Each structure stands twice: as C-alpha cells, then as structure tokens.
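What follows is one structure encoded as structure tokens, with my remarks underneath.
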Amino acid sequence: MKLVLRGIRCPLPQFTLALDLEITRGVTALFGPSGAGKTTALDLIAGLRRAPSAYIELDGRVLTDTSQGVEVPARDRHIGYVPQDGALFPHLSVRGNLLYGTKLYGTKGRAGDLEEMQDRVTGVLDIGHLLDRRIAGLSGGEKQRVALARALLSSPRLLLLDEPLAALDDELKERVLTYLKRVRDELEVPMLYVSHSRSEVMELCEEVLVLDRGVLLGTGAPRAMLAREPSLSC
C-alpha cells in the first residue's frame, strides 16, 4: 500500500492542517492530542471533506488533485471508514448492516464469493452468532466489531479507523484491540489508525505519524516516536 498526501492545506478554526507525506506501512498510527487535525485528515482521504489545496493518491490512483479539478466521490474510493461511534443503522439487524456495506460500496463478485468473504470476516471478528441481533441489543464492543466488519466487507484498499476504542471501557478496549490485531495479521488490510492512546499505538501499529495543531512533527517506529514526544498526552 502506498498513500501519498501532497500539498494538503486545509484551514481549520485554530490552525491550518498542512501535510506532505507518503505512507507505506501496513498499519500506521496518526497520533496526537484531541483537536490536532487527525479526523480532518481522515475525512480528506475518505473524500468526505474538501480542502482548497490537496493531492491524494492511493496505490497509483489519484483520488484528489485540486490543481486539476479531480475529486473522486467517497463511494468510489474503495476506502473503508470506521468512525468513533461506529455509525451503525439501528433499524437494521447486524446482517443488514453488513450487507449494506457491500451494496453501498459496490462490492463485486458471485454470491458464493461474497458469502465466503462474509464468513471469513465474521469469523475473524467473532460476530457470526450476532447476525440476527438488533443493533440496540449489542454491547459497545460488539457494535465496534460490527462496524469494522461492515467496513471490511466493502473490500477496501485502505481502512481508516478514527479512535474506534475511545468510547469503550478498559476491558472492552483490550478485547476489541485483540480483534484489530487479527484483522492486521489474518486479513492484511492496510490501516490508518487515529488515536491519542500510547498503549493502543504501541500494540497495533508499525509506524507512527505525530500530528499537533495541523503540523506533522515526525514519523518513525512507535517506541522511538512516542519517546520523542512525551508532552503529547492522551
């Protein structure tokens, strides 16, 4: 996976997000305090927000180029996005939410292939027994696993995770983090993981991009980068 962000200039109320970088690792953390511009960066990559100046390329395909008037719609970017609250549809069952992911993003393939993919994803995330349950009856950890499965079933080339564990208690965080590591190791889907939790970054990620007030302070291995930035607390 190669993600290129070049000439990103996006004015925010307190500062301007400015990014020029390439991401090639399988699981990369975008780390920094609340309000650093992390979610805005994800929204730009996903095509949910536009910047006055931006060039975004994923695996050789240009998704955004403001200088040429290129802006690929979010639904055509083949990028999965899991926001902090999961954004599940409460009127649908777990199965309905998962199927919505394949329809929304136009996942192609024979019925048998799609069923096999669903079986694999639900198996990795251990949610097969929840398929007929209503969303309202799920725990916080179960909801996040369903949201993650829905994003994975869109067959994304990149998965964006915006603080997916922030609303969970410590026990549930550890459980969901275990499943995220299974996604990393067994499904091998590239991830850009937004967090301000040092422990999550250390456990899950291969590389860290440290962001503060819209400025990239540095990139590197998790242990080295977090040791360099002790002032950036959770």
Side-chain angles (χ1 to χ4, degrees), residues 1-12 16-31 37-83 87 98-110 113-114 116-118 120-121 124 147-164 180 183-195 204-209 211 214 216 219-220:
M1 189 275 294
K2 183 178 181 181
L3 176 66
V4 178
L5 305 175
R6 188 182 306 147
I8 304 291
R9 300 296 182 270
C10 185
L12 298 173
T16 294
L17 177 66
L19 295 175
D20 290 275
L21 58 96
E22 292 186 5
I23 300 172
T24 58
R25 295 287 188 174
V27 183
T28 300
L30 192 54
F31 176 85
K38 305 186 298 298
T39 296
T40 298
L42 290 197
D43 288 347
L44 292 172
I45 295 167
L48 301 177
R49 181 169 184 157
R50 296 188 179 188
S53 172
Y55 178 90
I56 301 172
E57 177 186 309
L58 178 59
D59 291 335
R61 182 190 182 205
V62 177
L63 302 179
T64 298
D65 186 350
T66 53
S67 69
Q68 300 297 318
V70 175
E71 189 68 38
V72 175
R75 66 180 178 276
D76 296 327
R77 295 193 174 209
H78 302 289
I79 292 175
Y81 197 160
V82 181
L98 299 187
L99 291 175
Y100 185 85
T102 63
K103 294 174 182 176
L104 177 65
Y105 295 103
T107 301
K108 298 292 192 293
R110 296 175 301 174
D113 295 334
L114 295 177
E116 181 180 351
M117 181 169 61
Q118 178 176 294
R120 187 180 183 198
V121 169
V124 168
L148 181 57
R150 185 177 65 182
L152 289 168
L153 286 172
S154 70
S155 298
R157 293 186 299 164
L158 173 65
L159 185 62
L160 306 178
L161 299 162
D162 189 5
E163 300 193 50
L180 286 173
V183 169
R184 176 195 65 192
D185 299 337
E186 298 181 35
L187 300 181
E188 299 181 336
V189 178
M191 291 185 267
L192 185 56
Y193 187 85
V194 164
S195 180
L204 183 65
C205 303
E206 303 167 65
E207 184 176 42
V208 178
L209 314 177
L211 190 68
L216 186 66
T219 68

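As the structure is a prediction and not an experimental result, all values here were calculated from the model.
- Of all heavy-atom pairs between Leu30 and Lys38, the closest is O-CD, 3.3 Å.
- With values rounded to the nearest 0.5 angstrom, Thr16 atom OG1 is found 12.5 Å from Ile8 atom CD1.
- Environment of CZ in Arg61: crowded, with over 12 heavy atoms of neighbouring residues, nucleotides or ligands closer than 6.0 Å.
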List the atom pairs, donor and acceptor, that lie under 3.5 Å between side-chain atoms in residues 51-60 and the rest of the protein, sequence neighbours left out.
unit_1 : atom_1 : unit_2 : atom_2 : d
Ser53  : OG     : Gly7   : O      : 2.8
Tyr55  : OH     : Glu57  : OE1    : 2.5
Asp59  : OD1    : Lys2   : N      : 2.8

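- Heavy atoms only, all atoms of each residue included: Gly80 and Ser154 are closest at CA-OG, 4.3 Å.
- Judged as a salt bridge (Lys or Arg N to Asp or Glu O under 4.0 Å), and not counting sequence neighbours, the contacts of Glu186 are Arg182.
- Side chains of Thr64 and Glu71: a donor-acceptor N/O pair is present below 3.5 angstrom, by distance only.
- Partners of Ala147 according to the side chain to side chain contact (heavy atoms under 4.5 Å, CB included) rule, which considers only residues two or more places apart in sequence or in another chain, are Val82, Leu88, Gln144.
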Apply the test side chain to side chain contact (heavy atoms under 4.5 Å, CB included) to residues Ile23 and Thr219: give CA-CA distance (whole Å), side-chain angles for both, the deciding distance (0.1 Å), then the verdict. CA-CA 10 Å; Ile23 300 172; Thr219 68; over 6 Å; no

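- Atom-to-atom distance recorded for Ile79:CD1 and Leu3:CG is 7.5 Å, nearest 0.5 angstrom.
- Between Arg75 atom CZ and His78 atom NE2 the span is 11.0 Å, to the nearest 0.5 Å.
- Atoms CG and CZ, on Leu160 and Arg77 in that order, are 10.0 Å from each other to the nearest 0.5 Å.
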Between Thr66 and Arg50, is the side chain to side chain contact (heavy atoms under 4.5 Å, CB included) condition met? List the steps. CA-CA 9 Å; Thr66 53; Arg50 296 188 179 188; over 6 Å; no

Taking it one step at a time, do Val124 and Leu152 satisfy side chain to side chain contact (heavy atoms under 4.5 Å, CB included)? CA-CA 11 Å; Val124 168; Leu152 289 168; over 6 Å; no

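- Contacts of Arg25 classified as salt bridge (Lys or Arg N to Asp or Glu O under 4.0 Å), with partners at least two apart in sequence or in another chain: none.
- Contact between Leu159 and Ala151 at its shortest, heavy atoms only, is CD1-CB, 3.6 Å.
- A donor-acceptor contact shorter than 3.5 Å links the side chain of Glu206 to the backbone of Val27.
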Side-chain donor-acceptor distances from residues 39-48 under 3.5 Å, at least two apart:
unit_1 : atom_1 : unit_2 : atom_2 : d
Thr39  : OG1    : Asp162 : OD1    : 3.2
Thr39  : OG1    : Asp162 : OD2    : 2.8
Asp43  : OD1    : Tyr81  : OH     : 2.8

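- In this structure Arg9 satisfies the side chain to side chain donor-acceptor pair (under 3.5 Å) test together with Asp20, sequence neighbours excluded.
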